[in-house]
Amino acid sequence: MSCSEPEGRGGDPQQTGVVFNIQRFSIEDGPGIRTTVFMKGCPMRCVWCHNPEGIAFERQLMWFDVRCIGARDCLEACPNGALELGRSGMTIDRERCDACGRCADACPARALELVGKDYTPHEAFQEVYRDEAFYRNSGGGVTVSGGEPSMQPRFVAELLRLSKEAGLHTALDTCGFASGTVLEKLLESADMVLLDLKHMDPAKHLELTGVELEPVLENARMVSSSGRPVWVRTPVVPGCTDSAENIASIGRFIAEELPSVERWDLLAFNNTCGSKYSRLDMTWELEGVPLLSAEAMEALAEKARAAGVPEVCWSGTTRSS
Amino acid sequence: MEEAGALTARELWNPSPELPPRVSQLRDEYVDIAGRDHFRNEIMPFTTGTEWDTVWSPCLWGVVPDLFPFHKAFMESLPMMATKVDLPGDFWDKPLVVRAAIFFSEVVRNYLPVQILEGELIVGGHFNVALSRAQNRKEARSWRRATMKWMKEMDFLNSHGMGNAGATPGHLIPDYPRALELGFKGLVEYFRGLGEKAESRQQKEMLEALVICCEGARDLIRRYASEARRLAGECGDEERAGELLEMARICDKVSWEPPETFHEALQALWFVHMLVMVQESYPGPGLSPGRIDQYLYRYFIGDIESGRLDRQRARELLDCFWIKPNYAYDFMYKVGRTRGITSGYGQLITIGGHGAEGEDTSNELTWLILDVIEEMNLLEPKPNVRLHNGTPPELMKRVAGMIAGAQGAPFLLNFDEASEAALRWQGLPEEDIWDYAPVGCLENTLQGNDRSGTVDVNVNLAKAVELTLFDGKDQATGDRCGPRTGDPCRFGSWDDFKRAFETQLEAMLKRFMEVYDLSDSIRSRFEPTPYLSALVKGCAESGRDVTNAGPEHNFVTVEGVAFATAADSLSAVRKLVYEDGAVTMDELIQAIEDNFEGHEKLRQTLLNRAPKYGNDDDYADDVARYLSRFWTEEVFRHRTSTGRRYRGGYLSWNYWIAYAPSTAATPDGRRRGTYLSNGLCPVAGADRSGPTAVALSLGKLGLESAPNGDSHTISFNPSLLRGEERVDKLAAYLRGYGEKGGTALQVNVIDPETLNEAQRHPSDYTNLLVRVTGYNAYFVMLGREIQNEIIARESHEL
Ligand code: SF4
Ligand code: SF4
């Protein structure tokens, strides 16, 4: 690829990024058929997060009970004695584990997996470029998501730049809690932005996501004023973000302050990520929370439309009846 | 139909609610085979009455191994059940091809029952027959000797899981447009004209036979005219009586003259087509009408523009036409052979595509046919849509919407650019290529002049891996099936292994070509089908029958079965044995002998540490491409003794299941008995990178060297395709596939939960159609093991 100057663009071809997944045929992250690059590390701590493996910046080990055949090669491979395979399954001593990945390499069954892999921008770009024909035919492209991509700005800027230079449509998926300057840099090579707006009540926002609301709104205004098309996304989580009032006030904010928003997606809460939490020795706090009904989602979408946002869609799994 | 268990046929086939009453009544009547005492299109044997007569030819069923155990019984019992046909006094003085023609004509003229069903607008009901081959004693003796020899060899090859081969009827597209344009009258005039100029005796005899066949067809159709007139006379309902009189007029006309209206053309087409099934004594598998939205369009639009016909009536006529091919399934009603996916026959129609200048040729009839496909929801005729880079977005969307809705028959999609590149590669003339169409499941051929024989030889590629590992011996029996290529533990490198594999595969191929050649020469010498020859360009002109390389183009496809299983096995050996040294050849062979019992760790290594085809992984795809190109190029170097050229393909019909128990465990980690891979699909569960990656892997195989039989099925979870936006994405995916993927694709859109439910409560899911190897099948009618396989496939969600 070209070796044009990274200076002034914020991108750095040498800067590796920690990626926890590159998802092809991604049809929920912007227009068309896309590949989504999920960056590891996020400043928020949303209670409903369905990608808990994307929260920590560090690489993490996961063990899949269904794949394990009990061959115990991993135990021998570990230089730190961090693993224990007992009757109730594998225990990973996270204090001792330094995520070297040797156990995962040793396991014939791929029952251990190290989440988080280093890529150079060029390597990631090459992966992304494979589906070029599908992007071209669908109006799709690459979406950089996370975690929060702006936490690895130099890698992300370079990946976006390479993609754009190759004629791919680029989207930046951000939670909005980021340095404004960094976001501005990233916007240079982003054709559009997917922006999360979760709650409009500052106290609630802090409680549910662990961070202040104001910087998110500030960035939202900045992104909109850059003129990039924006798709807003709101996770609709029972008891957290699903009040009609919350949806209405997000709607008002969009209608009044974010003129470049083209579309607003309401994403129905999904409860299938519990096992991911346990694999990471984390707690899934929404255990047992039921799915929303399609009627409830439809009603919220109506509310959203009433606020004057041009296009409102909802998607996700809902409970039957 | 035994697999259906306690279900009655009526429960199995739900009528669609919006059909016109006439159509829904006809449809109900068709599906209720048990209650249909007044009409069944069961196999009817006809004999010359000699004690040596042949009415059943095993070679023609060589690719249906399920039937092998029954051949002897059929050969003996069918002549006993057969109706003796009165033949002219000089019958035995005639050459075989003329005898065959006379026999065909006499049967259809005097014996084939003629029956018109209540309400139908397109007639022509009885066509499942077993015709005498009209052989004299000497011919019959030679036929028998050769047939026995073929059966013995075929039994060995099949029982050792190596494959099967036989000169199979159907699997071509006759020149129906020409038959419609000229009528039998025009054809006969043409044959007589040629006859005057003909110099060879062979050609003169041939042309005489063709004329006899056309005259027989004419007389059968006139019997339908009389029957319609008789019914009109008895009919109390004035409107129906009027219809019957009109049908009588149409039959009279198209019995000899070319059709001019849409109704006439549909009626003529059905007769011409139905009689091929009579002639071949074969219930239609792969006998495909080709691009009907193209050659029927002039009749359709002529009627519409002149105001003779409205769209509603046109649709009703098409509905009535649509039911007819399904009656092929009555063939073995009593004989009762229904196992799993063999319940699919494949009279494939093609719509869409482009013209000679690359222009899109979809038209109003294309759209109407799509509606008919959707509302009829029947197994036949099987729909194929040709897609190309100029397919209009609305059509793309309509097709994607039908697929995503999982309602109605699932489609087969053919991608013109890749398909045509392959037809070009095999040397077909440029001016014909654009007008290609598929037959059977998805095998591309030219229309009207190509004896394509697309399913005639099936070779288990995974068996070649087994023979390489065991020095040419079958692992289970120790029987020698291939040459001695040495103990693989002594091979020093991947190249040595590869060479041994190639030697085994070449030897298998040679053996299969020999046995196929035998069946092909049996058919060409002793089983001419002059009526079909009258409909295929080249036969009259060359004086050679369609079974004897008479057509302008003559091919036989050798389908490689278990492609991905073989490719992944080679990848695993290359990577883990010769590159990484993670596995030794010794351990590998031991583990395979033990069917991986006690070698789980090794098996997991093979499953997880070797690259797998289907993930857009260049390592695995390179090996797969090597296999694909080696296979197709090797096959393409050979011809039959009748002069037909062999070409490679990858259809696996049901053999990927049938040969699972007779194929040893494989180095990709598969146990003996686990199904082999199907068509060009990745090994079930091995593709983990989504549908774009699968498409790209296929695209890397170099499929321009495999013009037919590039069978690929992909499954989408319906939740992925919900909503209009998603349908657009599916349409875009199909465009991308056309650009980068394979030549033909079948899409299943069903979630595993639904399938599980359907297995538990079959009666609630009678209308659930799925695609298996190019065949539409009702899920609840499939054998349990195939059902399970489909569920497993759907479960690994894309
Ligand atoms: S090596 Fe893998 S399969 Fe074996 S015990 Fe460890 S995790 Fe389980
Ligand atoms: S990642 Fe490294 S340190 Fe952690 S458990 Fe595995 S081998 Fe031990």
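In what follows, chains carry the letters A, B, and so on, assigned in the order in which the sequence lines appear, proteins first and then strands, with residues in each chain numbered from 1.
With a 4.5 angstrom heavy-atom cutoff, K729(B) touches chain A via backbone and side-chain atoms both. Of the atoms belonging to R67(A), not a single heavy atom falls under 4.5 Å from chain B. Residue contact with chain A, scored on non-hydrogen atoms closer than 4.5 Å, involves the side chain of A695(B) exclusively.
Although no hydrogens or angles enter the test, the distance criterion places no donor-acceptor pair under 3.5 Å between the side chain of K601(B) and the main chain of A71(A).
Scanning all heavy atoms of the two residues, the minimum distance from R24(A) to N615(B) falls at NH1-O, 4.1 Å. Residues P108(A) and N608(B) approach most closely at O-ND2, 3.0 Å, considering heavy atoms. In plain terms, the two heavy atoms of L696(B) and R130(A) that are nearest each other are CD1-O, 3.3 Å. In terms of heavy atoms, A133(A) sits closest to E739(B) at CB-OE2, 3.8 Å.
The neighbour count for E76(A) CD, taken as heavy atoms of other residues, nucleotides or ligands under 6.0 Å away, does not exceed 12. The local environment of NZ in K117(A) is sparse, with at most 12 non-hydrogen atoms from other residues, nucleotides or ligands closer than 6.0 Å. Few gaps surround CD on E417(B); more than 12 heavy atoms of other groups in view lie less than 6.0 Å from it. Remark: Q126(A) CD is packed, more than 12 non-hydrogen atoms of other residues, nucleotides or ligands lying under 6.0 Å away. Counted within 6.0 Å of NE2 on H50(A), heavy atoms from surrounding residues, nucleotides or ligands total 12 or fewer; the atom is thus considered open. For CZ of R102(A), the number of neighbouring non-hydrogen atoms (other residues, nucleotides, ligands) closer than 6.0 Å is 12 at most.
Per-residue heavy-atom pair counts under 4.5 Å with chain B were compared for I27(A), D73(A), T35(A), and the maximum is reached by I27(A). Between chain A and the options D728(B), L606(B), L602(B), D618(B), heavy-atom pairs under 4.5 Å are most frequent for D618(B). Chosen from E132(A), R136(A), Q23(A), the residue pairing most often with chain B at heavy-atom distances under 4.5 Å is R136(A).
Counting only heavy atoms from C-beta outward, the side chains of R603(B) and I69(A) never approach each other to under 4.5 Å.
Taking the six-membered ring where tryptophan is involved, the planes of F25(A) and Y733(B) are perpendicular, since the angle between them exceeds 60° and thus also 30°.
Atoms CD and SG, on Q604(B) and C68(A) in that order, are 9.5 Å from each other to the nearest 0.5 Å. Atom OG of residue S315(A) and atom CD of residue E725(B) lie 8.5 Å apart, to the nearest 0.5 angstrom.
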